[in-house]
Amino acid sequence: MADLKALADAVIRGDQSAAVEITKAALEEGTAAKSVLDDGLIAGMDIVGARFKKNEVYIPEVLIAARAMKMAMEILEPELVKAGVQPVGKFLIGTVQGDLHDIGKNLVAMMLKGAGFEVIDLGVDVRPEKFVEQAKSTGVQLVGISALLTTTMPGMEKAIKALKDAGVSAKIMIGGAPVTQGYADKIGADGYAADAASAVDIAKTLVA
Ligand code: B1M
């Protein structure tokens, strides 16, 4: 019987080789891919996210855990596809036009993947038109925009306007150090998160 608690623990510790080995063993034993994902990998990342929120662990631990999860996901993904398992939601993310900061955005993307979202990452310095074009062609339910500079924050408003003008129905979430809930409300975003763990919580409520 596969030990999915040990798999969750391997993710929490950021132990890549244990995460990969337990994932392989669980699949060889015939454990359902969805169960390996939900009860092993996502269960582990959920705990990492909760600890991060409480400042019990910091960015390096989250990155190491996310890397272990990523390695195990490479083994698991083909099995999930075969089993027809759908992601929790599709999330398009990028850093706003003119802004090259991507460490926080990458962390948000990793935590979303850890929570079972399919993430399409457009990188940095993303023009409003690119958000629109990609939101339309991928049919995502959520668009996330990150900004780290007060000077690039107005670009978020432009991107939101462009998405709405183009009739994109995806919910829009924003974040980044200078961003606040008040600013999100002002520019018509559907959600705001102060950190990567909260971003996952908000994304789940927006797709629910
Ligand atoms: Co820049 N930089 N930087 N920088 N940089 C800041 C942001 C700054 C506060 C430094 C300072 O002056 N004290 C300042 C901004 C001031 C302001 O506007 N208020 C600043 C500046 C001025 C600049 C330049 C203009 C400097 C210059 O060239 N004169 C320049 C701008 C370049 C550009 O973007 N066009 C610049 C350049 C750079 C580097 C390229 C050198 C580098 C970026 C490397 C990279 O990202 N690949 C850099 C860095 C590293 C920083 C600091 C030191 C760290 C930012 C970071 O990664 N934090 C930063 C000062 C600081 O914060 N101490 C600074 C860690 C990261 C995990 O946190 O990104 O906040 P953060 O993400 C969090 C949350 O905000 C949230 O979740 C994350 C995880 O919990 N979050 C979201 C983020 N995005 C989200 C999206 C969501 C939800 C939550 O939904 C979609």
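As the structure lists them, so they are numbered: ligands from 1, and atoms in each ligand from 1.
Atoms of ligand 1 found under 4.0 Å from any heavy atom of Gly98, numbered from 1 in the order shown, are 33 (C), 34 (O), 35 (N). Against a heavy-atom cut-off of under 4.0 Å, Gly144 is close to the following atoms of ligand 1: 91 (C). Listed by number with element, the atoms of ligand 1 under 4.0 Å from a non-hydrogen atom of Asp99 are 34 (O). Of all atoms in ligand 1, numbered sequentially from 1 with element shown, those under 4.0 Å from a heavy atom of Leu149 are 15 (C), 18 (O), 20 (C), 21 (C), 22 (C), 23 (C), 31 (C), 33 (C), 34 (O). Interface of Ala193 with ligand 1, defined as ligand atoms under 4.0 Å from a residue heavy atom, comprises 88 (C), 89 (C). Annotation for ligand 1: atoms under 4.0 Å from non-hydrogen atoms of Ile174 are 87 (C), 90 (O). Taking every heavy atom of Asp102 and a limit of under 4.0 angstrom, the matching atoms of ligand 1 come to 45 (C), 46 (O), 47 (N). Counting the atoms of ligand 1 from 1 in the order shown, those under 4.0 Å from a heavy atom of Met173 are 90 (O), 91 (C).
Listed for the Lys164 side chain is a donor-acceptor partner under 3.5 Å among the backbone atoms of Gly188. A donor-acceptor pair under 3.5 Å links the side-chain atoms of Asn106 to the main chain of Asp102, judged by distance alone. With Asp3 contributing its side chain and Ala6 its backbone, the two residues share a donor-acceptor pair below 3.5 Å. Of the possible polar contacts, one joining the Glu61 side chain to the Tyr58 backbone as a donor-acceptor pair under 3.5 Å is found.
Contact annotation: Ala194 has at least one heavy atom less than 4.0 Å from an atom of ligand 1. The closest approach between Phe52 and ligand 1 falls below 4.0 Å for a heavy atom of the residue.
Using a cut-off of 4.0 Å between Lys/Arg side-chain N and Asp/Glu carboxylate O, Lys130 and Glu133 are scored as not salt-bridged. Between Lys5 and Asp9, at least one side-chain N (NZ, or NE/NH1/NH2) sits under 4.0 Å from a carboxylate O, which counts as a salt bridge.
Residue Leu107 comes nearest to Val62 through the heavy atom pair CD1-CG1, 3.8 Å, listed as atom of the first residue, atom of the second, then distance.
Taking CG of Asp15 as the start and CZ of Arg67 as the end, the distance is 11.0 Å to the nearest 0.5 Å.
In terms of protein heavy-atom proximity, atom 7 (C) of ligand 1 is closest to Leu148 O, 3.5 Å. At the top of the distance list for atom 72 (O) of ligand 1, counting protein heavy atoms only, stands Gly104 CA, 3.3 Å. Among protein heavy atoms, the minimum distance from atom 64 (C) of ligand 1 is reached at His101 NE2, 3.8 Å. In terms of protein heavy-atom proximity, atom 18 (O) of ligand 1 is closest to Thr150 N, 2.9 Å. For atom 79 (C) of ligand 1, the closest heavy atom belonging to the protein is Leu107 CD2, 3.6 Å. Annotation: atom 81 (N) of ligand 1 to nearest protein heavy atom, Gly176 N, 3.5 Å.
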Determine, step by step, whether Val126 and Phe131 satisfy the side chain to side chain contact (heavy atoms under 4.5 Å, CB included) criterion, reporting the C-alpha distance in whole Å, the side-chain angles of both residues, the deciding distance to 0.1 Å, and the verdict. CA-CA 7 Å; Val126 181; Phe131 276 114; 3.5 Å; yes
Yes or no on side chain to side chain contact (heavy atoms under 4.5 Å, CB included) for Val140 and Leu142, after CA distance, side-chain angles and deciding distance? CA-CA 6 Å; Val140 289; Leu142 290 162; 5.8 Å; no
Go through Lys53 and Asp201 one step at a time and tell me if the salt bridge (charged side-chain N to carboxylate O under 4.0 Å, His left out) criterion holds. CA-CA 11 Å; Lys53 235 178 180 175; Asp201 296 341; 2.3 Å; yes
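At a 3.5 angstrom cut-off on N or O pairs, Ser146 counts as close to ligand 1. Remark: ligand 1 and Lys105 share no N or O pair separated by less than 3.5 Å (distance only, no angle test). An N or O contact shorter than 3.5 Å is missing between Asp195 and ligand 1 by distance. Annotation: Ala196 places an N or O atom under 3.5 Å from an N or O atom of ligand 1; distance criterion only.
There is a protein heavy atom closer than 4.0 angstrom to atom 21 (C) of ligand 1. The nearest protein heavy atom to atom 27 (C) of ligand 1 is not closer than 4.0 Å. Put simply, atom 54 (C) of ligand 1 has no protein non-hydrogen atoms near it, under 4.0 Å away. Under the 4.0 angstrom criterion, atom 33 (C) of ligand 1 counts as having a protein heavy-atom contact. Inside a 4.0 Å radius of atom 15 (C) of ligand 1 there is at least one protein heavy atom. At a distance under 4.0 Å, no protein heavy atom can be found next to atom 12 (O) of ligand 1. Distances from atom 38 (C) of ligand 1 to the protein include at least one heavy-atom value under 4.0 Å. Within a 4.0 Å radius of atom 46 (O) of ligand 1, the protein contributes at least one heavy atom.
The option from Ile59, Leu112, Val143, Val124 that lies nearest to atom 67 (C) of ligand 1, judged by heavy atoms, is Ile59. Distances from atom 75 (O) of ligand 1 to the heavy atoms of Gly191, Ala109, Ala177 show the closest one on Ala177. Here the shortest heavy-atom distance to atom 87 (C) of ligand 1, taken over Ala189, Gly175, Ala203, belongs to Gly175.
The closest side-chain heavy-atom distance from Met73 to Leu37 is below 4.5 Å. No side-chain heavy atom of Gln97 sits less than 4.5 Å from a side-chain heavy atom of Thr152. In this structure the side chain of Tyr192 never reaches within 4.5 angstrom of the side chain of Met173, judged on heavy atoms. With contacts defined as side-chain heavy-atom distances shorter than 4.5 Å, the pair Phe117/Val207 qualifies. Taking the side chain as every heavy atom from C-beta outward, Thr31 and Asp39 never approach each other to under 4.5 Å.
At a heavy-atom distance under 4.0 Å, atoms from both the backbone and the side chain of Ile103 approach ligand 1.
Cluster annotation: Val88 is connected to Leu76 through the hydrophobic network of ILVMFWY side chains, with a link wherever side-chain heavy atoms come within less than 4.5 Å. Residue Val11 is grouped with residue Leu27 when hydrophobic side chains (ILVMFWY) are merged at heavy-atom distances under 4.5 angstrom, including chains of intermediate members.
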